[in-house]
Amino acid sequence: MNYLQVRNIIWFLIAFWSISCFGGDNFRLADSLFERGEYRIAAIEYERIFFLASVPVVRTEALLRKAECLKHLLQFEKAERNLNRANFAALNDTLIFRVRFQTALCAYLGGNFSNAESQLIQIHYFIKDSIYYGKWLMEDGKREKKESDNKKYPFSIYHHTSYILLYALVLNEQNRWDEAKEKIVKWINLTDYYPSIKDSLLNIIGEIYQSSGYPKLKNLKKAQILSRFLPGSGQIYTGYFWDGLTNVSLQLTALAFTGYAIYSAYYITAFVIGYVIFGKFYVGGINHLKYLVNKKNYELLRGYNNRLKKDVLDLLGDGL
Amino acid sequence: MSKLFFFLAGFIIVTQAGFSQKSFSDEISFVNYLINNNEYRDAIYILNALEGNNYSQNDSLNYLLGWAYYNIKSLDTSSMYFDKVSDSSVFLNKSRYYQVFNNIYQGKRDSAKAILHGISANPELEQLRLFELAGIELLERNYEQYKNISRNFNYSYYPIAREQEEFDEYFISLQQIKNKSPFLAGAMSAIIPGSGKLYAGYRGKALASFLHVSLLGAVAAENYIKGGPVSPQFLIFAGLFSIFYTANIWGSILSVQIKRNELYRKVDHNIMYDLHIPLRRVFD
């Protein structure tokens, strides 16, 4: 081996040593555990990376991968709390979007829809969107859009179907179907799709989100007023026919017995039976309506939202 | 040049080996970080995978395991690990006192007392030791032993001063809990339905019992007067009245013991709380 060859080998060894000590080997163990399905141990190793790393990008990546582990373990609230530790200073827009989007997704999966919406709103307002920014520059006459703006603000939520898909699902779960429809329509209009595809999507959205198809929820006050004047009618209005029939039958029986007791001069018996059976079932029936109305409304909303979720997912694809 | 080449190759191999192994102290730092972030189960997983090579390392492992299991309310396992901490460890005092608390919480008061008696004299913690012993005597209703121990309270060691005063109040309130007679409660309810429950200390239940039994009695009497002793209405309502009347008497007999247990449980809960909080102040 001559002098030049040895020198080259030495420089190679120095470069190899630097990269393997300070470069991208951090995630190897944790990623291999994740690939093998050992999510709990992988989560601990990602936490170790977060603990040891000082570079913000590495720490954020560790949080994101830990959140994936926790999602596989169905610990969505913990995954959301984990992602809330991300520090957005010194991160680029793409990474910020990934963190906020995953936080919103974990919040949605954990049933915390208001938190999910909050994250999605922050994506919209705190990440400079290239499409919106371009429009603002041109419409307000501030200045002409430059080519360098695309490099400065490369990110746009309108290039991410997953964003609008999750937003629609979150609004649906909060029963804000008109808002969900408005958001999807606005998003479609700002995408780069061909006009024919846009029209087709808008028609389908119109069919999915027809206001005539919204569930007609039961009103508790109305049900209670009905039951006050006609026992059992509140239960029937809510949709529980046999509950109403049983309730009214028991009350009529009690009334009939009370009337007969008074007619036969059994006054104390009439008072006790009338108070105990009629009174308890009358008041109890009205109080029970709160449970029945909530149950019926939950069933109506759940059924509608499940159908809506399937339609929206089929339309916008499994971007999640 | 070839010497430099071999030196660099050797250096790279050694450092790569060093970077790939995690040292015991690094692992303990990570475990402390997990514990500070309330990730106790993760900390337990890491600790169980570690092996210490000397006493001080084993003491750290056992103490941290005891602490992690204590925080996930696995008190039996926590006590087991605290017990393994050696007498020369810096974690000894905290381990012993939390072991005492774990044992008290699980009802193992004799073990707790044995540990307290075995703790070596430490002027700084003597008041705490006496305080814990006094708490156990109160829980066991050994009032004479409590009085003997509490004579040594100085009420000036700030982590436990307030709790020492509260123990004296619990001592008085425990002695004021009267032993009421269940037979007297039953007899009272036999004469006036519900009065036995009032004697036991229940007002709402006494009124409800009185109303149920007396109304059914009135209905049975009315049906007896108007229908006769063999009329079906009388037999039904007399049967209902008998059931409620008997239940009223039986309920009154039981209510004396139930009420007494409720009062004792309330005081015991406060004693346990007062035994626990000072440990956090002293050791955390």
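Quick note on labels: first sequence line is chain A, next is B, and so on, each numbered from 1.
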Counting only heavy atoms not in [X] (residues, nucleotides, ligands), do more than 12 fall under 6.0 Å from its [atom1]?
X	atom1	result
A:Glu77	CD	no
B:Arg203	CZ	no
B:Phe244	CZ	no
A:Tyr260	OH	no
B:Phe210	CZ	no
A:Tyr282	OH	yes
B:Arg41	CZ	no
B:Phe30	CZ	yes

Relative to chain B, which segment of [X] carries a heavy atom at a distance below 4.5 Å: side chain, backbone, both, or neither?
X	value
A:Arg85	side chain
A:Ala43	neither
A:Leu52	neither

Could you state the interatomic distance from CG (B:Asp42) to CZ (A:Arg48), rounded to the nearest 0.5 Å?
->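 Result: 10.5 Å between the selected atoms.
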
How many angstroms lie between OH in B:Tyr45 and CD1 in A:Ile44, if you round to the nearest 0.5 Å?
->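 One finds 6.0 Å between OH of B:Tyr45 and CD1 of A:Ile44.
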
Does a side-chain heavy-atom distance below 4.5 Å link B:Phe237 with A:Thr269?
-> yes

Among residues 213-228 of chain B, which residues come closer than 4.5 Å to chain A, judged by heavy atom distances?
-> B:Leu215, B:Ala218, B:Val219, B:Glu222, B:Asn223, B:Lys226, B:Gly227

